[in-house]
There are 2 protein chains.
Amino acid sequence: MTGKTIPDIIVSRLPLYLRSLQRMDEENRKVTSSQELGERLGISAAQIRKDLSQFGEFGKQGTGYNINFLIEQLCRILHVDQEWDVAVIGAGDIGNAVARYKGFKNRGFRVVMIFDDDPDKIGTQIGEFTVSDANDLTESIRNAQIQVAMIAVPGSNAQNVADRLVEGGIKAILNYAPINLNVPEDVNVQYIDPSIHLQRMTYYLE
Amino acid sequence: MTGKTIPDIIVSRLPLYLRSLQRMDEENRKVTSSQELGERLGISAAQIRKDLSQFGEFGKQGTGYNINFLIEQLCRILHVDQEWDVAVIGAGDIGNAVARYKGFKNRGFRVVMIFDDDPDKIGTQIGEFTVSDANDLTESIRNAQIQVAMIAVPGSNAQNVADRLVEGGIKAILNYAPINLNVPEDVNVQYIDPSIHLQRMTYYLE
DNA sequence: TAGATTGTTAATCGATTAACAATC
DNA sequence: TAGATTGTTAATCGATTAACAATC
């Protein structure tokens with residue numbers, strides 16, 4: 001039996017809840033309330049309770065939510081109670097930063113491969129990784145059964161890379177290239193483009 | 001007189017329209033339609049027409065939208081018919097990548113300063129910039145009248161950096177640190193956290 | 001002209017909020 | 001117990017879509 005479908009707008013808030021809770025945990029906090037969480041995130045308490053109630057009853061009337069317990073539940077819901085192997089494609093400045101990024105620790109992800117098509121880069125060391133030949137991309141990720149990838153190549157190559165990732169079995173792509181990717185329906189894409197974020201803010205400036 | 005307030009959800013789509021149109025322009029396309037734009041972006045044609053109609057009548061019945069003209073209009077609306085000077089705080093891997101990023105070209109932004117508090121980094125060269133002492137942060141951005149900044153420091157320092165940016169007059173912050181920032185109401189913040197994007201996708205994976 | 005596509009209205013759909021009984 | 005906070009319902013609010021007259 002399949003449970004009811006949760007709206008993506010709710011799913012998109014769960015990682016934010018999780019991140020705040022993990023921060024509270026680092027501060028050695030034990031319990032919190034929908035109100036406190038809402039204040040930290042700029043989200044209404046009612047919405048947080050409603051969102052969480054889609055997945056179960058995680059709180060206690062009168063006292064609120066046990067932080068550790070709620071972290072566990074959210075990790076389970078978001079499938080980050082495991083570590084996902086991630087392939088990085090592109091060993092330029094962005095690929096470099098992403099491959100060496102410490103921020104995936106305890107968040108459910110681990111970079112395991114980095115690819116580039118530049119012969120001068122192939123075989124060189126980036127952090128703990130040796131840059132692989134992008135020609136082997138499809139085969140390598142298929143063999144390693146990797147489902148998550150990050151694209152950090154120029155826009156002109158991004159669609160081609162995406163096609164090969166999909167061929168290799170990738171199901172989730174985080175794309176740093178400033179273009180929209182065409183992928184099959186069962187492949188998820190998220191975009192990071194700093195210019196897009198900045199333009200959304202300059203609208204409000206003079 | 002102040003025009004009616006446009007919902008932020010509409011504002012958030014305008015940069016996506018602009019990016020697609022600029023790509024069409026690079027392909028030497030001259031006109032497009034709400035339908036074509038919608039297909040490229042995965043957004044309904046009706047919504048695109050509705051969004052644009054908040055700001056004026058930019059199309060022609062029967063023929064669609066002149067790409068160059070619509071680009072001009074969107075640049076004006078988003079206030080990127082000018083180039084905004086941007087300060088980068090943090091000269092680690094991410095600050096490095098952002099400072100050297102070529103993708104701000106023609107998008108309305110130009111990095112002009114980069115700061116760090118590490119004595120070993122201060123004075124060194126990153127691309128065309130010399131790393132400045134983060135102690136001078138507030139004064140430097142105030143003197144240069146910079147309104148836009150990107151935070152690329154560890155989470156533990158991000159709130160402190162944000163406070164000093166606000167003190168210096170910053171009105172828009174793009175935050176790469178994985179924490180929520182508290183800032184005054186008139187300061188806009190956007191967040192980039194790859195783990196958040198990835199977790200939103202792993203929800204849908206097995 | 002005929003065909004195409006806009007801008008806009010009204011209808012639909014979905015998300016958020018307010019309120020409160022339940023209960024820790 | 002009294003106070004606090006949940007989970008949930010119903011009401012409100014806002015966003016999206018369908019449809020079409022206008023017109024290029």
Side-chain angles (χ1 to χ4, degrees), chain A residues 3-18 20-21 24 29-74 76-77 200 203-204, chain B residues 3-18 20-21 24 29-74 76-77 200 203-204:
Chain A
K4 66 180 171 321
T5 300
I6 306 291
D8 184 61
I9 191 140
I10 293 183
V11 174
S12 75
R13 284 189 291 259
L14 301 183
L16 300 173
Y17 300 162
L18 177 55
S20 268
L21 290 161
M24 288 180 190
R29 301 281 315 285
K30 299 301 175 197
V31 294
T32 186
S33 63
S34 57
Q35 189 184 355
E36 186 193 31
L37 203 46
E39 273 163 19
R40 289 211 184 195
L41 289 167
I43 291 176
S44 82
Q47 181 161 79
I48 291 174
R49 293 202 301 279
K50 189 110 201 281
D51 285 353
L52 295 176
S53 75
Q54 306 295 312
F55 302 95
E57 306 192 356
F58 303 134
K60 275 200 178 64
Q61 286 101 325
T63 56
Y65 299 92
N66 177 295
I67 289 172
N68 267 317
F69 177 71
L70 191 49
I71 287 173
E72 256 177 44
Q73 296 304 309
L74 285 171
R76 179 181 54 75
I77 292 165
R200 182 174 175 180
Y203 171 81
Y204 298 100
Chain B
K4 65 180 173 320
T5 299
I6 306 291
D8 185 61
I9 192 141
I10 292 183
V11 174
S12 76
R13 284 190 292 261
L14 301 183
L16 300 172
Y17 300 162
L18 178 55
S20 268
L21 290 161
M24 289 180 189
R29 302 280 315 286
K30 299 303 176 196
V31 294
T32 186
S33 64
S34 58
Q35 190 184 355
E36 186 193 31
L37 204 46
E39 274 165 16
R40 289 210 183 195
L41 290 167
I43 291 176
S44 82
Q47 180 162 82
I48 290 174
R49 294 202 301 279
K50 189 109 201 284
D51 285 352
L52 295 175
S53 75
Q54 307 292 314
F55 302 96
E57 306 192 355
F58 303 134
K60 275 200 181 62
Q61 285 102 326
T63 56
Y65 299 92
N66 177 295
I67 290 172
N68 267 317
F69 177 72
L70 191 50
I71 286 173
E72 257 177 43
Q73 297 303 310
L74 284 172
R76 179 180 54 74
I77 292 164
R200 183 175 173 180
Y203 171 83
Y204 298 100

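To find a chain, count down the sequence lines: A is the first, B the second, and so on, and within it residues start at 1. Please read these numbers as outputs of a predicted model, since none were measured by experiment.
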Peer 1: To the nearest 0.5 Å, how far apart are OG1 in Thr5(A) and CD1 in Ile10(A)?
Peer 2: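 Interatomic distance, Thr5(A) OG1 to Ile10(A) CD1, rounded to 0.5 Å: 11.5 Å.
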
Peer 1: Quick check on DNA chain D: between Asp8(B) and Thr32(A), whose nearest nucleotide comes earlier from the 5' end?
Peer 2: Thr32(A)

Peer 1: Go through DNA chain D in 5' to 3' direction and return only the first and the last nucleotide with some atom under 4.0 Å of chain B's heavy atoms.
Peer 2: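 It runs dA15(D) to dC24(D).
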
Peer 1: Using heavy-atom distances to pick each residue's nearest nucleotide on DNA chain C, tell me which of Ala46(A) and Gly62(A) is more 5'.
Peer 2: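 The residue whose closest nucleotide sits nearer the 5' end is Ala46(A).
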
Peer 1: Take atom CD of Glu36(A) as the centre, draw a 6.0 Å sphere, and report whether it contains more than 12 heavy atoms from other residues, nucleotides or ligands.
Peer 2: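 Counting other residues, nucleotides and ligands, CD of Glu36(A) exceeds 12 neighbours.
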
Peer 1: Restricting to non-hydrogen atoms, name the atom on Ser34(B) and the atom on Ile48(B) that form the minimum distance, rounded to 0.1 Å.
Peer 2: O-CD1, 3.8 Å

Peer 1: Provide the closest heavy-atom pair for Leu52(A) versus Tyr17(A) in the form atom of the first, atom of the second, distance.
Peer 2: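 Reported closest heavy-atom pair: CD2-CD1, 4.2 Å.
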
Peer 1: Which ranges of DNA chain D pair up as stems, where a stem means three or more consecutive Watson-Crick or G-U pairs with both distances under 3.5 Å?
Peer 2: C:3-24 with D:3-24

Peer 1: Got more than 12 heavy atoms from elsewhere within 6.0 Å of CD, Gln35(A)?
Peer 2: no

Peer 1: Considering non-hydrogen atoms only, spot the tightest contact between Arg200(A) and Pro15(B) and give its length.
Peer 2: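 Shortest heavy-atom separation between Arg200(A) and Pro15(B) comes out as N-CG, 4.0 Å.
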
Peer 1: Testing the basics here: between Arg13(B) and Asp51(B), what is the closest heavy-atom pair and its distance to 0.1 Å?
Peer 2: NE-OD2, 2.7 Å

Peer 1: Is there a donor-acceptor contact under 3.5 Å linking the side chains of Tyr204(B) and Asp8(A)?
Peer 2: yes

Peer 1: Find which nucleotide of DNA chain C each of Ser53(B) and Gln61(A) is nearest to by heavy atoms, and output the residue with the more 5' nucleotide.
Peer 2: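 The 5'-side residue here is Ser53(B).
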
